[in-house]
Amino acid sequence: MKPIKRILAGMAAAASLLALSGCSSQGLDPNHLLVAHSHNENHPVNVGMTTLCDEVSEKTQYTFSIYPNGQLGGNEEMIQMVKAGVLDIAKVSSSSLEQFNPAYAIFSLPYTFQSTEHYFRTMRESEAVQEIFRSTYDDGFIAIGWFDSGARSIYTTKDGPCETPEDLHGLKIRTQGSPTSIEMINNMGGAATPMSSGEVYTSLQQGIIDGAENNETVLVDDGHGEVAKSYTYTQHQYTPDIVIVSVETWESMSGADQQAVLDAMDDAWEAHEEKWLEIVDRNIEGAREMGVQFYTIDKTPFIEAVASQQQEFCAASKDNARYFADFLSYVD
């Protein structure tokens with residue numbers, strides 16, 4: 001951990017961090033680590049991060065303060081603070097890391113993962129994943145783990161499934177603002193309409209958009225199932241959440257303490273996944289009660305429609321091609 005004068009010389013967001021921590025001895029104690037994420041206290045991410053911190057506290061000399069609810073800013077702000085060593089650990093989206101290594105785009109690339117089993121096996125076993133996780137060392141941070149955020153699929157206000165790109169033709173589909181996601185929806189036949197998640201319900205209700213793409217948790221928890229009654233399992237993206245740590249913090253730890261963190265990260269994943277599956281099941285059950293219909297389809301037409309994006313990614317660099325080939329090797 002760095003001296004307080006270097007903390008104060010960090011970004012403007014550090015002022016908020018120091019205010020939250022009371023600008024007290026926490027900022028001077030090298031064994032007190034600061035952790036942040038953007039979710040509420042009941043979210044699976046907070047369950048996972050709390051498990052991580054509790055277990056490391058039990059096995060090492062470290063203590064923790066967790067700041068949920070985006071108290072320290074969004075993904076960009078948290079990454080910058082981790083880079084500067086102001087913040088020790090943060091959970092951020094994988095797409096937000098693309099600016100530091102374009103290879104992170106592989107996690108947002110449509111149909112990189114062809115099933116949940118393929119997704120989990122790759123994330124757990126692939127050396128390419130670990131190489132990408134370590135690739136930002138010179139930027140001041142590395143990734144030490146990940147959390148599942150389910151599969152993203154298409155849901156619409158129109159009746160019936162979306163089985164082919166032709167079924168999406170003419171439909172305005174809300175997507176995330178990333179170029180990868182926008183291109184993906186256009187290739188899948190829809191008219192990509194990027195907007196913030198907070199605008200989706202009203203936009204569905206008013207007919208500004210015809211549908212969106214996300215995991216099942218938005219159907220009840222965000223109320224989208226009140227308006228959009230057709231959910232098609234296109235499962236076009238499995239986008240992990242990434243846990244990053246400051247290199248300065250990491251290098252200050254002994255090998256034994258680093259291993260304690262990695263072991264605790266495994267348990268944090270399990271705690272998160274248990275809570276995550278509970279929430280998904282509750283949303284599916286609640287959505288069915290709302291009248292939402294769920295459709296399982298042959299995804300081949302959509303996989304073929306986005307093949308050009310995979311080819312472009314691989315053509316961008318030898319590393320990209322190597323990573324993509326490695327990921328595919330874990331298909332059963």
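Note that the coordinates shown come from a computational prediction; the quantities given were computed from them, not determined experimentally. Count residues from 1 along the sequence.
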*Asks:* Measure the spacing between CZ of Phe100 and CD1 of Ile244 and express it to the nearest 0.5 Å.
*Replies:* 8.0 Å
*Asks:* Apply side chain to side chain contact (heavy atoms under 4.5 Å, CB included) to the pair Thr232 and Ile297, showing each step before the final yes or no.
*Replies:* CA-CA 7 Å; Thr232 302; Ile297 62 166; 3.7 Å; yes
*Asks:* Mind checking whether Phe120 and Trp269 have parallel, tilted or perpendicular rings, split at 30° and 60°?
*Replies:* perpendicular
*Asks:* Under 3.5 Å, is there a donor on one side chain and an acceptor on the other for Tyr111 and Gln309?
*Replies:* no
*Asks:* Would you say Leu72 and Phe64 are hydrophobically clustered, going by side-chain heavy atoms of ILVMFWY under 4.5 Å?
*Replies:* yes
*Asks:* Compute whether any side-chain donor of one residue and acceptor of the other, for Ser317 and Asp319, lie under 3.5 angstrom apart.
*Replies:* no
*Asks:* Is any side-chain heavy atom of Ile284 closer than 4.5 Å to one of Tyr231?
*Replies:* no
*Asks:* If every non-hydrogen atom of Leu87 is compared with every non-hydrogen atom of Ala90, which pair is closest and at what distance?
*Replies:* CD2-CB, 3.9 Å
*Asks:* Within a radius of less than 6.0 Å around CD of Glu274, do more than 12 heavy atoms belonging to other residues, nucleotides or ligands occur?
*Replies:* no
*Asks:* How far does CD of Gln80 sit from CG of Asp139, to the nearest 0.5 angstrom?
*Replies:* 9.5 Å
*Asks:* Nearest 0.5 Å, please: how far is CD1 in Ile209 from OH in Tyr201?
*Replies:* 12.5 Å
*Asks:* For the aromatic rings, using the six-membered ring if either is Trp, is the centroid distance between Tyr119 and Trp146 under 6.0 Å?
*Replies:* yes
*Asks:* Are there over 12 heavy-atom neighbours, none belonging to Asp159, within less than 6.0 Å of that residue's CG?
*Replies:* no
*Asks:* Is the ring pair His43/His272 parallel, tilted or perpendicular, if the boundaries are 30 and 60 degrees?
*Replies:* tilted
*Asks:* So among His224, Arg174, Lys229, which one has a side chain to side chain donor-acceptor pair (under 3.5 Å) with Tyr155?
*Replies:* His224
*Asks:* Is there a path of hydrophobic side-chain contacts, each under 4.5 Å between heavy atoms, that joins Met49 and Trp276?
*Replies:* no
*Asks:* Applying a strict under-4.5 Å side-chain criterion to I, L, V, M, F, W and Y, I'd like to know whether Phe302 and Tyr295 cluster together.
*Replies:* no
*Asks:* Consider only side-chain N and O atoms of Gln176 and Ser178, and report whether a donor and an acceptor are under 3.5 Å apart.
*Replies:* no
*Asks:* Are Tyr238 and Leu277 connected into the same hydrophobic cluster when the rule is that any two of I, L, V, M, F, W, Y join if their side-chain heavy atoms are below 4.5 Å apart?
*Replies:* no
*Asks:* Please report the closest heavy-atom contact between Val82 and Asp88, naming both atoms and the distance.
*Replies:* CG1-O, 4.2 Å
*Asks:* Start with the C-alpha gap between Asp221 and Asn283, add the side-chain angles, then the distance that decides, and say whether side chain to side chain contact (heavy atoms under 4.5 Å, CB included) holds.
*Replies:* CA-CA 7 Å; Asp221 287 357; Asn283 272 267; 3.4 Å; yes
*Asks:* Between Ile66 and Cys53, does the side chain to side chain contact (heavy atoms under 4.5 Å, CB included) criterion hold? Intermediate values first, please.
*Replies:* CA-CA 8 Å; Ile66 301 176; Cys53 295; 3.8 Å; yes
*Asks:* Could you tell me which non-hydrogen atom of Asn187 sits nearest to which non-hydrogen atom of Ser308, and how far apart they are?
*Replies:* ND2-OG, 4.0 Å
*Asks:* I'd like to know if Lys158 pairs up with Asp167 as an ion pair, taking the criterion as any Lys NZ or Arg NE/NH1/NH2 lying under 4.0 Å from an Asp or Glu carboxylate oxygen.
*Replies:* no
*Asks:* When you compare the side chains of Glu41 and Asn69, does any donor N or O come within less than 3.5 Å of an acceptor on the partner?
*Replies:* yes
*Asks:* On a heavy-atom basis, which atom in Thr180 and which in Ser108 lie closest, and how many Å separate them?
*Replies:* CG2-O, 3.6 Å
*Asks:* Check whether the side chains of Glu131 and Tyr323 place a donor and an acceptor atom closer than 3.5 Å, and report yes or no.
*Replies:* yes
*Asks:* Search all heavy atoms of Met265 against all heavy atoms of Gly145 and return the closest pair with its distance.
*Replies:* CG-CA, 3.8 Å
*Asks:* Between the side chains of Glu76 and Gln99, is a donor N or O closer than 3.5 angstrom to an acceptor N or O?
*Replies:* yes
*Asks:* After noting the C-alpha distance and the side-chain angles of Arg134 and Glu127, does the key distance pass the salt bridge (Lys or Arg N to Asp or Glu O under 4.0 Å) rule?
*Replies:* CA-CA 11 Å; Arg134 296 189 298 267; Glu127 181 55 37; 2.7 Å; yes
*Asks:* Determine, step by step, whether Phe147 and Lys91 satisfy the side chain to side chain contact (heavy atoms under 4.5 Å, CB included) criterion, reporting the C-alpha distance in whole Å, the side-chain angles of both residues, the deciding distance to 0.1 Å, and the verdict.
*Replies:* CA-CA 9 Å; Phe147 291 130; Lys91 192 288 298 177; 4.1 Å; yes
*Asks:* Mind checking the OG1-CG spacing from Thr116 to Asp148? Nearest 0.5 Å is all I need.
*Replies:* 7.5 Å
*Asks:* Would you say Asn46 and His37 are linked by a side-chain donor-acceptor pair, where the criterion is simply a distance under 3.5 Å?
*Replies:* yes
*Asks:* Grab the two heavy atoms, one from Gly170 and one from Asp210, that are nearest each other, plus how far apart they are.
*Replies:* O-OD2, 4.0 Å
*Asks:* Mark yes or no for whether Lys299, through its side chain, and Gln114, through its backbone, hold a donor-acceptor pair below 3.5 Å.
*Replies:* yes
*Asks:* Would you say the side chains of Asp326 and Ser126 form a donor-acceptor pair under 3.5 Å?
*Replies:* yes
*Asks:* Side-chain donor-acceptor pair under 3.5 Å between Tyr233 and Glu216, yes or no?
*Replies:* yes
*Asks:* Any chain of hydrophobic side-chain contacts (each under 4.5 Å) joining Tyr104 to Met123?
*Replies:* yes
